[in-house]
Asker: 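Please see the structure below; I have some questions.
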Amino acid sequence: MHTTETDKDLKLWWGVLYPAYNDHPILAVATPEVEGTIFEQDTNPPNAADYFDPQHRYQRWNSCYAYDLPQLVQDLQPHESTLLAELHASPHLWADGLDLAHPERVIAQLQATYPGLSGVAIAYLVLNLACPESVPAIHDAWLDTVATANFPANQCHGVILDYNHAARPLKDVWEDDSIPDERIFAYLEDMLSLWQLLEPWHSHFSLLTIKNLAVNPDQSLRLHQLDFTPPLVESFRPLAQRPTLVTIWQQLFENTSVRRQSVFMPLLVSLSTAPIETIREIQMLLDSLAETLRTEPLLALNQADESGESTDDLIAALPELPLRDDDDHTAIDDAPTALLPRQLVQVEVAAQTDTGRDRHHNEDMYLMNHRQQLRVTPNGQQLNMQGVFILCDGMGGHAEGEVASSLAAKTVYEYFEETWPWQGDLPSADEVRKAIYRANEAIFKTNEQKAKTGSGRMGTTLVMALVDNYHLRLGYVGDSRIYRFTKRQGLEQLTVDHEVGQRLIQQGVEPEIAYGRPDAYQLTQALGPRNNQSVAPEVMDITIDEDTLVLLCSDGLSDNRCLETHIISHILPMLDFSVPLSQTLHKLIEMGNEVNGHDNLTAIALRFKLRSALSCLF
């Protein structure tokens, strides 16, 4: 739908009606009427076609009048907030502990707190939180009664959604030959990823209508609305007429240039000849195309096209899909595409420390140094990043903990300043251990010189990360932690606390028994109290292969499963690249202070954004 220049200065919303089906997990309507519901209520149909809602708050922006078509509307009460707008702006009030992979649990949990909240409203809330660039934000919702032949149900869900007038139809982008081929390939990947997010919420049908697909000004994929087409309704269509992701892709390529079709010929031929039934098989087709383009240069395809080589010849040249009978064909594999190379697009770093509510001084310490270099050529751009990130949590009376944490961070940092030339590969695991041992020696000697004994000896924990683009080498001693978060894998604790409880668990003791001991949280390792023979630093490597958040933190933030129980409200927003990382980290520290204000809180956050390095294929 097109808007005029005057329209762009006006905030317009997207109004959508969904029929209610009692046997649908999302579109169902609760039978008992809920008193006190402000944003949803049983009402009579509006008397005037000028308004989209029964309360006459949302005025239609055009003369088109149909209950079953989306409408552009204007909010006549823009200063009157709605509950859904408030919930959208403050996920920390409702999103803690929700499991997005199980919609029925999420709906039940939220409806227990907000009884009038419909499944449709909840789906928009959580899916927008998980993927804000693709799923429009919900502004308002209500339950209406509609009598029309176009609706097979008496009741329907009315929703008001954020409308982006600057979004460009995906079909137009597809047919625009100035759009790089790698960008088109990236949209194919995005659609597969979005399908995986939407499928548990019965809204993957959203990807099966070309008019519903658009591109934001920042080039990200966008849906105008979610489609919750009930399986019963879809079953009335003949099987051959039901759209699939394969048919949508075929339609998108129908009107593209001959040049673009030749580039994607291996994929198009496979889509038209192979029996594709699952998303996993489509994913494997993309992998196969990437491998074909890598091993068979595009020039060969162009030469074949110019020579009039037949489609049959192209089919014969395609690699066979490595499908096996024992493959799981129900979903995309959790692992990102293995064959597609990845490159860094953006790396952001933020750090913050807080004394906490109950402490008078801060014994935590962080130190980081990183360098980024952007190389731009006619073939594209490449981001290179290297850095040292260290976090320490000191212990010891009379400010000695501050001395230990500062000394450890400074010693490790200076070691790598001397030994790592920045342009070289990551220091080895042995080099990481040497740096940590050197820090332990420095603190241990200070304790010896001051004749400190017993609990009077100062010490510190340490976690560190060395970064070379998307390769990280991690080292740690103590109970400070390193976490990794991705939308695919969720939140993972990469480190294992060096404490009595964990040591007993590793020896086979049940966790309930191990942490029932009064000394369960006593450290088994720390830097400073003892010599190097008593310290065994642990080192591990990880590779970033999708958009990822890496979090180094002291136990003041991680205690009491603080991060694990606030994933959706505070961790997930940290992967929103439209919001500064420092801002979301500040909110995380604030939340940690409310939960764990008994101790100092410190965190270093690293946010990696990747995309397929398709320029090497095209």
Side-chain angles (χ1 to χ4, degrees), residues 11-18 26 37-41 52-53 55 57-58 70 72-100 103 106-143 157-167 194 197-198 201 203 206 214 216 218 220-228 487 566-580 583-584 586-588 590-591:
K11 176 60 178 176
L12 297 178
W13 301 90
W14 192 242
V16 184
L17 292 178
Y18 295 97
I26 306 298
T37 301
I38 298 175
F39 60 96
E40 289 186 336
Q41 54 187 311
F52 187 77
D53 63 315
Q55 293 79 25
R57 172 170 177 172
Y58 301 101
L72 277 179
V73 299
Q74 178 185 357
D75 187 354
L76 300 181
Q77 304 171 30
H79 301 297
E80 294 291 330
S81 183
T82 69
L83 178 58
L84 284 169
E86 293 172 0
L87 292 178
H88 168 70
S90 54
H92 61 281
L93 296 177
W94 55 269
D96 293 344
L98 298 182
D99 184 356
L100 297 187
V106 174
I107 291 174
Q109 185 172 337
L110 286 182
Q111 287 180 340
T113 306
Y114 306 97
L117 207 59
S118 68
V120 172
I122 292 172
Y124 271 104
L125 278 173
V126 299
L127 292 175
N128 171 264
L129 191 62
C131 199
E133 67 277 7
S134 296
V135 178
I138 188 168
H139 175 66
D140 201 355
W142 61 88
L143 191 63
H157 301 274
V159 296
I160 300 297
L161 307 174
D162 185 32
Y163 175 72
N164 187 350
H165 64 78
L194 196 55
L197 172 68
L198 299 179
W201 290 84
S203 56
S206 310
N216 291 313
D218 66 357
S220 59
L221 186 67
R222 178 182 177 86
L223 302 172
H224 287 304
Q225 66 182 78
L226 295 178
D227 184 349
F228 303 99
K487 291 182 179 179
H566 295 81
I567 294 174
I568 296 181
S569 61
H570 286 78
I571 302 297
L572 180 59
M574 297 181 76
L575 266 187
D576 182 355
F577 287 85
S578 66
V579 179
Q583 179 177 323
T584 53
H586 178 70
K587 291 182 178 179
L588 182 68
E590 283 186 328
M591 180 272 298

Asker: Would you say the side-chain atoms of Trp94 pair up with the backbone N or O of Leu87, donor to acceptor, closer than 3.5 Å?
Answerer: yes
Asker: For the residue pair Ser203 and Leu127, establish whether any side-chain heavy-atom pair is separated by less than 4.5 Å.
Answerer: yes
Asker: Under the criterion side-chain contact (heavy atoms from CB on, under 4.5 Å), I'd like the reasoning laid out for Phe52 against Leu17: C-alpha separation, chi angles, the key distance, then a yes or no.
Answerer: CA-CA 9 Å; Phe52 187 77; Leu17 292 178; 3.8 Å; yes
Asker: Please report the shortest heavy-atom distance between Cys131 and Leu197, naming the atom on each side.
Answerer: CB-CD2, 3.6 Å
Asker: Can you name the nearest heavy-atom pair linking Trp201 to Ile26, along with the distance?
Answerer: O-CG1, 3.5 Å
Asker: Kindly indicate, with the supporting measurements, whether the criterion side-chain contact (heavy atoms from CB on, under 4.5 Å) is fulfilled by Leu588 and His566.
Answerer: CA-CA 9 Å; Leu588 182 68; His566 295 81; 5.8 Å; no
Asker: Taking all heavy atoms of His224 and all of Pro136, pick out the closest pair and write down the distance.
Answerer: O-CG, 3.5 Å
Asker: Report yes if some heavy atom in the side chain of His88 is under 4.5 Å from a heavy atom in the side chain of Asn128; otherwise report no.
Answerer: yes
Asker: Over all heavy atoms of both residues, which pair between His570 and Lys587 is shortest? Give the atoms and the distance, please.
Answerer: CD2-O, 3.5 Å
Asker: Assess whether side-chain contact (heavy atoms from CB on, under 4.5 Å) is satisfied between Leu84 and Leu117, documenting all intermediate values.
Answerer: CA-CA 9 Å; Leu84 284 169; Leu117 207 59; 3.6 Å; yes
Asker: Checking the side chain of Asp140 only, and the main-chain atoms of Ile160 only, is there a donor and an acceptor separated by less than 3.5 Å?
Answerer: no
Asker: Would you say that Ile568 contacts Val126 through its side chain, given a criterion of any heavy-atom pair below 4.5 Å between the two side chains?
Answerer: no
Asker: Is a donor on one side and an acceptor on the other found under 3.5 Å between the side chain of Tyr124 and the backbone of Leu226?
Answerer: yes
Asker: For a 4.5 angstrom cut-off between non-hydrogen side-chain atoms, does Trp14 reach Asn164?
Answerer: no
Asker: Look only at the side chain of Ser569 and the backbone of Pro91, and say whether a donor-acceptor pair between them is shorter than 3.5 Å.
Answerer: no
Asker: Grab the two heavy atoms, one from Leu198 and one from Leu223, that are nearest each other, plus how far apart they are.
Answerer: CD1-CD1, 3.8 Å
Asker: With a 4.5 Å heavy-atom cut-off, do Leu143 and His157 have their side chains touching?
Answerer: yes
Asker: What I'd like to find out is whether the side chain of Lys11 reaches to under 4.5 Å of the side chain of Asp75, using heavy atoms alone.
Answerer: no
Asker: Output yes when a side-chain donor or acceptor of Ser90 lies under 3.5 Å from a complementary backbone atom of Glu86, and no otherwise.
Answerer: yes
Asker: What orientation do Tyr58 and His139 show, parallel under 30°, tilted 30 to 60°, or perpendicular over 60°?
Answerer: perpendicular
Asker: More than 12 heavy atoms of other residues, nucleotides or ligands under 6.0 Å from NZ of Lys487: yes or no?
Answerer: yes
Asker: Compare every heavy atom of Leu83 with every heavy atom of Tyr114, then report the nearest pair and how far apart it is.
Answerer: CD2-CD2, 4.2 Å
Asker: Got a donor-acceptor contact below 3.5 angstrom from the Asp218 side chain to the Ser220 backbone?
Answerer: yes
Asker: Treating Asp576 as the side-chain partner and Pro132 as the backbone partner, does any N or O pair qualify as donor plus acceptor under 3.5 Å?
Answerer: no
